[in-house]
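Following: one structure in structure tokens, then a few remarks.
Every chain is numbered from 1 and lettered A, B, ... according to where its sequence line falls, protein lines coming before strand lines.
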Number of protein chains: 2
Amino acid sequence: MHTPLNHDIRIAVSTVIFSLRARTEGDSLMIPLVKRTRDPHDGMWALPGGWLREDEGLEDAASRTLAETTALAPTWLEQLYAFGDVERAPTRVVSIVYWALLRSDHVEAQRAADGAPDNVEWFDVDDLPALAFDHNAIVEYAVWRLRNKVGYSRIAAGLLPDEFTLAELRSVYETVLGSRLDPSNFRRLLEGSEALVPTDSFRTGNHRPAQLFRYNAGPDLSTRGPIA
Amino acid sequence: MHTPLNHDIRIAVSTVIFSLRARTEGDSLMIPLVKRTRDPHDGMWALPGGWLREDEGLEDAASRTLAETTALAPTWLEQLYAFGDVERAPTRVVSIVYWALLRSDHVEAQRAADGAPDNVEWFDVDDLPALAFDHNAIVEYAVWRLRNKVGYSRIAAGLLPDEFTLAELRSVYETVLGSRLDPSNFRRLLEGSEALVPTDSFRTGNHRPAQLFRYNAGPDLSTRGPIA
DNA sequence: TCAAAAGTGTTAGACTTACACCCATGT
DNA sequence: ACATGGGTGTAAGTCTAACACTTTTGA
């Protein structure tokens, strides 16, 4: 007896890359998609990704395709799920999907520098076209995970610059969660959370200056990965 | 330019299978391991698993290897993580790992019927030998996930027969979490949770008879998978 | 009748939520 | 001076944890 070989199953690594983008009313949660230039699904939008190389780890592959797509390094990168249904593509492909957060200021800077990278476009997660393969379901699951994780970890700050006001951080939560939060309660909750440390700077602008905060360097104990 | 092919990366599917087993003092959380009969790591204990076949989905592969190892169907089966570091095995292998729960009564019945299946042995998760590959780290992560999930979902009952007393269910929580729970608070918490419905039967035995409960058929809304 | 587990009641504290209110700034 | 967001105070409601107490059985 012999176990059937699986050399004809290919492994792809794709990434759902989140960032925020200012809109007329409030921000939007956006992801970059790539227009496919070959069959299957030629011409449709798909998640950035590529084949796993023999000499790179899964997370390395995710970082690589992320960099190829956005020329940026993420503030957060985490495995989402391995999708491997037999019929999810015409040939047998197992996709190992990651999700990532990019700082909004980096994305804006990159966008200004680059003009428009070919075949890449940012879409509002609440207003996606029909995507290639099972990518709509994948994005939906990634959004669910992000929303969920925002509630019990400090990843929200991964969408902001190093220093930010509480209102800016609250706005991130509101955009991600899709609901309003009470400013005073939000402040108390986060101020009492250790992780957040005030700086000496203030954001001056339209009204009373707001104190800037940063996250301390310590590890986020509310979350853990498979290794440690 | 050509993307390097990845036909020499093989895909394995393994499963961390949890069940409870009565011990002198309290129960223990146990998993079955398989003794390897070939290199690499010949003779060491490893998670049950096998190569992914071209015509089966990931979850199907997990179910298959689970059945091959224990001749049982799980009450819970969920993807844990995809492990794909380059150096985790001498040849390049990406392991997609699932974790599962088995009802303790089924395991006991199966054990009695079968004698001892070759090369398979059950181990206490708190007292494992050095396992093949990175399997110790994988089990540790699976235990973390189980503990975590027990806190906010109803999966604990997946380790018990259909009907159980609240004390039995509490004992499962205590074994999994590794801490004692207040019986009265536990009762109130679960009785108020809808999902648990009382039956007309009572478990008679040493002391005052305890009412038997079962979980209602409805979906566990506290958890969700990648598809829906 | 007594030990032990089943099951009920009660209370103190923690945490959440809602909202009234004062503060500091740009216009 | 005033509109607006920054920031503080407070009280009601909910959730949690600890534990005293009553009930029901087997031995």
Extract from the structure each pairing of a protein N or O with an N or O of nucleotides 22-27 of chain C at less than 3.5 Å, listing the distance.
unit_1: dC23(C); atom_1: O2; unit_2: Arg208(A); atom_2: NH1; d: 2.8
unit_1: dG26(C); atom_1: O4'; unit_2: Asn206(A); atom_2: O; d: 2.8

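- Remark: the backbone N or O of Leu101(A) is paired with a side-chain donor or acceptor of Thr75(A) at under 3.5 angstrom.
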Hey, mind stepping through Ser95(B) and Arg88(B) against side chain to side chain donor-acceptor pair (under 3.5 Å) and telling me if it holds? CA-CA 10 Å; Ser95(B) 279; Arg88(B) 60 184 292 278; 3.2 Å; yes
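- The closest side-chain heavy-atom distance from Leu77(B) to Ser63(B) is below 4.5 Å.
- In this structure, Asp162(B) pairs ionically with Arg103(B), as a charged nitrogen and a carboxylate oxygen lie closer than 4.0 Å.
- You'll find the side chain of Trp99(B) stays beyond 4.5 Å of the side chain of Ile138(B), heavy atoms only.
- Nucleotides of DNA chain D that come within less than 4.0 Å of any heavy atom of chain A span, from the 5' end to the 3' end, dT4(D) to dT10(D).
- Side chains of Phe133(A) and Leu131(A) form no contact here, defined as non-hydrogen atoms less than 4.5 Å apart.
- Taking every heavy atom of residues 177-200 of chain B and every atom of DNA chain C, pairs under 4.0 Å involve Ser184(B), Arg187(B), Arg188(B), by number.
- Here the side chains of Ile31(B) and Phe18(B) are in contact, with some heavy-atom distance below 4.5 Å.
- Two residues are said to be in side-chain contact when any heavy atoms from C-beta on lie closer than 4.5 Å; Trp45(A) and His135(A) fail this criterion.
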Check against side chain to side chain donor-acceptor pair (under 3.5 Å), Arg145(B) and Asn148(B): CA-CA 5 Å; Arg145(B) 272 272 278 273; Asn148(B) 211 42; over 6 Å; no
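- Looking at Asp124(B) and Ser28(B), their side chains do bring a donor and an acceptor atom within 3.5 Å of each other.
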